[in-house]
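Before any comments, here is the structure.
Computed from a predicted structure; not experimentally measured. Remember, it's 1-based here, ligands and their atoms both numbered in the order they're listed.
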Amino acid sequence: MKIINNIFEMQEFSRQYQCQNPHKKIGLVPTMGYLHEGHLSLMRTIQSSCDCLVVSIFVNPIQFNNRDDLEKYPRDIEHDIALLSGLDVDILFMPGEIDVYPKGVPEIFMDYPKLTNKLCGITRPGHFSGMLVIVHNLFQWVKPDYAIFGLKDYQQFILIKKMIADLAMPVKILSGEIIRDPDGLALSSRNVRLAPEERINALVISSTLFKIKREFKSGKNQAGYLKKILHESLHKFKLDYASVYDTDTLVEFGDNDIIKSGVAAVAVFIGEIRLIDNLIL
Ligand code: PAF
């Protein structure tokens with residue numbers, strides 16, 4: 001595995017690789033590090049579509065709407081490198097903040113108001129703009145044929161697909177299933193910040209989503225009924241949102257709507273830690 005820290009070196013690598021191997025494909029797994037099995041599973045999934053695997057690690061400051069969250073975001077580059085060495089990763093791209101944002105916080109703002117005025121976009125202003133800017137730039141620098149994103153960040157996944165389509169970017173987007181611990185908790189780099197008791201409390205998130213899916217499958221598919229289950233199960237916690245949404249437009253279903261397909265999505269504070277999870281119905 002070769003480590004590239006420099007943006008121009010990354011661009012040059014991809015340019016040469018594509019010139020020398022016109023039929024081979026570059027795959028990109030963008031991450032913010034503190035890698036876990038969820039990231040590794042994205043890498044294994046994309047590997048079957050590409051010949052050269054690039055993993056990027058960059059804790060993108062402009063997608064944190066809260067300084068404290070950015071400072072507390074877990075980091076362990078040595079552990080990440082050790083994990084990646086066990087996989088067939090060709091390039092680890094780790095650009096420095098000063099190279100990525102040479103002029104400080106960029107003034108550009110990327111938005112899809114109809115998709116960001118809901119779910120995580122309400123309480124995390126600027127988050128999705130910052131995310132789209134870095135993903136757009138990573139695509140410019142790495143020039144991947146394929147890139148993969150986890151479905152745990154469902155709204156992020158929808159926004160990236162929209163950006164690719166709108167800007168006709170020559171990247172195929174793959175999705176990775178949510179990877180869970182055996183007890184159901186969706187893997188997240190933030191889980192490490194949960195105290196043991198909080199981690200136990202957090203299990204209510206996935207168990208509630210599984211319950212909703214069971215009810216839905218048994219034919220109880222009125223949105224109001226499913227939303228009621230969500231709110232009753234999660235009432236002890238500070239809820240950011242919990243509802244059932246259209247899988248493409250992310251519009252929340254009305255209580256009387258009968259759902260044929262949708263996504264049940266939740267953002268909850270367990271102590272100070274904000275966790276998200278979802279399940280496609
Ligand atoms: O999902 C993430 O880890 C980040 O939002 C991403 C896509 C790497 C952009 O910083």
Side-chain angles (χ1 to χ4, degrees), residues 4 7 10 26-43 45-46 53-66 69-77 79-80 83-84 89 91-97 99-101 105-106 108-112 115-116 119-121 123-142 144 146-164 167 169 171-179 186-193 265 267 273-278:
I4 298 183
I7 290 173
M10 184 68 243
I26 297 180
L28 171 66
V29 185
T31 82
M32 296 208 297
Y34 211 77
L35 304 177
H36 52 65
E37 189 47 42
H39 299 107
L40 304 191
S41 126
L42 295 178
M43 293 169 205
T45 305
I46 200 173
L53 175 56
V54 180
V55 173
S56 66
I57 296 184
F58 179 66
V59 182
N60 178 31
I62 67 162
Q63 72 182 73
F64 287 81
N65 53 307
N66 173 329
D69 195 25
L70 170 62
E71 274 159 20
K72 289 193 176 145
Y73 197 81
R75 296 163 170 87
D76 189 347
I77 290 297
H79 182 248
D80 289 346
L83 270 184
L84 293 176
V89 176
I91 304 291
L92 169 57
F93 177 43
M94 292 199 296
E97 195 175 318
D99 299 315
V100 173
Y101 300 119
V105 176
I108 187 169
F109 196 82
M110 297 175 82
D111 199 8
Y112 286 105
L115 289 169
T116 57
L119 298 121
C120 295
T123 48
R124 303 193 67 194
H127 162 68
F128 286 121
S129 171
M131 179 282 292
L132 287 171
V133 168
I134 192 66
V135 170
H136 174 275
N137 288 356
L138 286 167
F139 288 170
Q140 297 299 315
W141 300 326
V142 178
Y146 290 89
I148 188 162
F149 297 87
L151 287 176
K152 188 165 88 64
D153 295 291
Y154 189 80
Q155 193 172 11
Q156 164 172 288
F157 180 74
I158 296 291
L159 285 161
I160 293 170
K161 279 212 317 197
K162 180 105 177 92
M163 175 177 76
I164 298 298
L167 301 180
M169 298 183 89
V171 189
K172 291 194 184 63
I173 300 299
L174 307 178
S175 63
E177 292 303 315
I178 299 178
I179 306 294
L187 296 194
S188 160
S189 304
R190 290 173 207 271
N191 289 355
V192 68
R193 293 174 56 199
I273 318 299
R274 183 178 177 280
L275 297 179
I276 56 171
D277 199 352
N278 69 75

Side chains of residues 124-133: which donor-acceptor pairs under 3.5 Å do they make with residues two or more places apart or in other chains?
| unit_1 | atom_1 | unit_2 | atom_2 | d |
| --- | --- | --- | --- | --- |
| Arg124 | NE | Asn65 | OD1 | 3.3 |
| His127 | ND1 | Gln63 | O | 2.8 |
| Ser129 | OG | Met110 | N | 2.9 |

I need the atoms of ligand 1 closer than 4.0 Å to a non-hydrogen atom of [X], numbered in the order shown.
X	value
Pro30	8 (C)
Met131	5 (O)
Ile134	9 (C), 10 (O)

*Does Gln156, backbone or side chain, put an N or O under 3.5 Å from an N or O of ligand 1?*
yes

*asked:* For atom 9 (C) of ligand 1, what's the nearest protein heavy-atom neighbour? Residue, atom name and distance, please.
replied: Gln63 OE1, 3.3 Å

*Among all protein heavy atoms, pick the one closest to atom 3 (O) of ligand 1 and tell me residue, atom and distance.*
Met32 CG, 3.7 Å

*Quick check: does any side chain N or O of Asp277 sit under 3.5 Å from a backbone N or O of Ala265, one acting as donor and the other as acceptor?*
no

*So, Ser189 side chain and Tyr34 main chain: donor-acceptor pair closer than 3.5 Å or not?*
yes

*Please report the closest heavy-atom contact between Phe58 and Pro95, naming both atoms and the distance.*
CD1-O, 3.4 Å

*Nearest 0.5 Å, what's the CE-CD distance between Met43 and Glu37?*
10.0 Å

